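Down below is the structure, laid out as structure tokens.
A note on names: the letters A, B, ... follow the listed sequences, proteins ahead of strands, and every chain is numbered from 1. None of the values given here were measured: they were computed from a predicted structure.
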Amino acid sequence: MSERLVSVALPVALDRGFTYAVPASWPSVPEPGARVLVPFANRGLVGVVRAAQPERLNGARIKLLEEVLDPPGAPSLTPELARLCEWVADYYVAPVGEVYRLALPGLLTGHDVRRVMLSEAGAQALAAAREVVLQPVDDAGLPTAAEQRVLAALAAAPRGELAVERLIDLRPRIPGVLRLIGDLAAKELCTISWDEAGGEGARVEAHYRRTDYLRGAATAEETLREHIGRSKQRRALLDLLEGAGSWVPAGELRGPFPGYKKLLEPLLAAGLVAVEERLRALDPFAAETLEPSLPQTPTADQAAALATLRGDLEAGKFAASLLHGVTGSGKTEVYLQLIADARARGGGAIVLVPEIALTPQLSDRFRARFGETVAVLHSGLTPRQRLDAWQQIRMGARPIVIGARSAVFAPVPDLKVIVVDEEHDASFKQEEGVRYSARDVALVRARDASAVAVLGSATPALETYESARSGKIRWLRMTTRPTTRPLPEVELISLATHRPDPETLLTGRMRTALVETVAAGEQAIVFLNRRGFATTLICDRCGALHHCPDCSAPAMTYHLGRNRLMCHWCGFIEAPPERCVECGEGELLHGNAGTERVELALAKDVPGARVLRLDRDTSRGKGLLETLAQFRRREADILVGTQMLSKGHDFPGVTLVGILQGDHGLGLPDIRASERTFQLLTQVAGRAGRGDRPGRVLIQAYGIKNPAIAFAAEHDFEAFAAWELDKRRELHNPPFGHLALVRISGPDQVAVQRRAEELAAVIRAAAEEVRRKHAEEPGSAEAPPPVQLLGPKASLIERVNRRVRWQMLIRASSRPPLRWLLRQLRPRLGDAGSGEFKTMANVDVDPQSLI
DNA sequence: AGCACGCCGACT
DNA sequence: GTCGGCGTGCTC
Ligand SMILES: [Zn+2]
Ligand SMILES: [Zn+2]
């Protein structure tokens, strides 16, 4: 029989899989997605069997798999997810190990999981060796001095056992411990086992519930008292359980009733209380019982969309749809009812929402409808909580998953629905490490799982919109809103003609509107762009802006609250210097923070207005939720804030929304600047209005004629899209062209530039090959070259964190040549050179921003 | 990413 | 003399 080989993804930052042999004694080859323990550079690492052919290597000796950590037939990652990881690694040019790590909770992968235990023979050998020191004899076969140190460390540990990582951490260090452990194990002087974090499966906990026995009956009190006895504590405990109405985990009783077990005994015996081992509650929020919510009667639009989506679900084939519904058209109810349908068919669902929209209100909405079948994956989970959630999802106990970007990898079995809400949101693109787009990964996953994908938005990404328009995906429109309230009336105010106050950008028109609103007893929100209002320190002698020592960005941001300067690019924080660093003489002056300036001006100019401010300084910790709650309770009239207010929070009392500089983002040299501006304005404008009264929106801008602004004011997405798509088509930008941005960085400018040129040569050669093949096809003479290279050139901010950054853009007319070219480029990426001249190169496929 | 191995300064 | 600082090279 030929050697059975598997490729294993390991949590190391190396761009390849590792080939291992399956021991001959194993009856079968572990399946893709199964976790395996493998020897790797003297360590014992947990990896995942890849859904890919093992590469045959020349020379390097192939090691044996040590152990399969998952039960047969139940790999940690379903084969479907393993395939998805392979696709992501290939498409986004990312190391497989890193991709598989995205799909597993941190505790299931990573570090060395082995434990070493002193064996009987080891203890004897150690004792014998110690004898020898006193009475030298022939020491053949005795452990070496280094080995003795390891054995001694084990002997000193409780139960003669230590985690390998503790042995590594031991001070003073034992040189070559890992090799020594291997040697000792081979001589059977120690035995090796491993921690299977989560290997035991999902954790359970005792839960208690008040039964119906003797509940509420008027005659019961007498009998009840007999069972309870005279203990006030026992009575309180019973009351608590009765009030909870459902299963209460033991963990929640331990606090208020330290002796809860004893207290419960007679109650359990009498049948007043039932006990059951149930899955641990995922987090404190999840335990709260909510008023169950019933499906609402759909509007005509909702019903039509649902009918189509249910048809797709019934067909059991992959189908993708854009659910294009104006703000307030009730997209969430469509998701809820579609998911209910998927559940009725025994399937599961994933709902992806922008990070900022993953609020308790949103998860409550799903929990109220689907109860304990929902898992919410939010960023606040501890590693252990994340593992609990992951295991419960994997075993099918929580078939509905709500989460941000990374939830696209949730191991939901029998996935039937994937929803990407606010699909245009930039947070779905991971901007570090594996630079994947959760929206696009969701589509690929849905296709592979034959699931229904729904992309919801009022202002879809132009890629999505074009796919819908051209019929690549279905286009479901919802134009009516359940409320009778008309869309807000938007007024544009030109900053060019209205002469704003230079400090605050407030125009007379904006002030008047705010005065009117407050006088009418209503609330207003004023938005400003954080970056446009960033405070800087300027020298009163030479006029220089204080800038970061490690970056070439023009200025650092001054945070008044903590009296600190911060660099937006590298995160460097420093105290303001006494004197100007440039001339050494001038004093550094600053204004108030943007939000603060506006807050002060409004408090002065709007009579009787109570003004709240929300920015980085006031939103730290609990500040954000506290301020929002205050405003919602109508304890203030005006809320001044940055874009963090633009979604996820409802303000029912707001009738006026003011935007200080609507076209701020348009100045950036970025292909998506117009799109982002339009989306932001539309989103922000949607905040105005109450009950059935329309709100008012005031947008101040320098260029009010710009279509991104003008069409937003008219709530006309399609006109905006038509205009923007024309521009994109002309420039061969997405969705009509496909981009990959190559970034090169390193400490030395010359080395970075040279590396960039080298890579550019590789890309040009590959592009030329693509062009030659393309030219052979008939009718292609006039077409533009299928792949173009723009650059290399220095990035907009050339120096960040003492590293020089260069970039170049690959633009292709279609996907296949781009993917072919990236595969050619792949082996030349990563680190090169050493020391001072070390450079790093990577690719961002489908970049969001070209800066 | 770790970690071994190797080569130089500041401690017992 | 050893400890440990990081520079460099390797991991199936
Ligand atoms: Zn100066
Ligand atoms: Zn900086």
>> If we ignore hydrogens and angles and just use 3.5 Å, is the side chain of S849(A) paired with the main-chain N or O of I851(A) as donor and acceptor?
In response: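 Yes: the side chain of S849(A) pairs with the backbone of I851(A).
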>> For the backbone of R280(A) and the side chain of Q392(A), can you confirm whether one donor and one acceptor N or O come within less than 3.5 Å of each other?
In response: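 The answer is yes, because a donor-acceptor pair under 3.5 Å joins these two groups.
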Name the nucleic acid region contacted by [X], choosing base, sugar-phosphate or nothing; use a 4.0 angstrom heavy-atom cut-off, strictly under.
X: F40(A); answer: base
X: P11(A); answer: nothing
X: G97(A); answer: nothing
X: R16(A); answer: base
X: L14(A); answer: base

Rounded to whole angstroms, how far apart are [atom1] on [X] and [atom2] on [N]?
X: I168(A); N: dA4(B); atom1: CD1; atom2: C1'; value: 12 Å
X: L180(A); N: dC5(B); atom1: CG; atom2: P; value: 10 Å
X: L10(A); N: dT11(C); atom1: CG; atom2: C1'; value: 9 Å
X: Y20(A); N: dT11(C); atom1: OH; atom2: P; value: 11 Å
X: D112(A); N: dC3(B); atom1: CG; atom2: P; value: 8 Å
X: R179(A); N: dA4(B); atom1: CZ; atom2: P; value: 8 Å
X: E836(A); N: dG7(C); atom1: CD; atom2: C1'; value: 13 Å
X: L167(A); N: dG2(B); atom1: CG; atom2: C1'; value: 16 Å

> Near E120(A) CD, under 6.0 Å, is it more than 12 heavy atoms from other residues, nucleotides or ligands?
Replying inline: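 No.
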> If you draw a 6.0 Å radius around NZ in K838(A), do more than 12 non-hydrogen atoms from other residues or ligands fall strictly inside?
Replying inline: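 Count not over threshold, so no.
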Look at [X] together with [Y] and state whether they make a salt bridge at an N to O cut-off of under 4.0 Å.
X: D90(A); Y: R819(A); value: yes
X: D112(A); Y: R114(A); value: yes
X: D388(A); Y: R384(A); value: yes

> Looking at dC12(C), dC3(B), dT8(C), which one has an atom nearest to any side-chain atom of L178(A)?
Replying inline: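 From the listed options, dC3(B) comes nearest.
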> Of the candidate nucleotides dC3(B), dC12(C), dA1(B), which contains the atom at the shortest distance from the side chain of A13(A)?
Replying inline: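 Of all the options, the side chain of A13(A) is nearest to dA1(B).
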> Does any residue of residues 45-52 of chain A have a heavy atom under 4.0 Å from DNA chain C, and if so, which ones, in number order?
Replying inline: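 Of all residues in residues 45-52 of chain A, none places a heavy atom under 4.0 Å from DNA chain C.
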> Starting at the 5' end of DNA chain B and moving along, which residue's nearest nucleotide shows up first, D831(A) or I174(A)?
Replying inline: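 It is D831(A), whose closest nucleotide lies nearer the 5' terminus.
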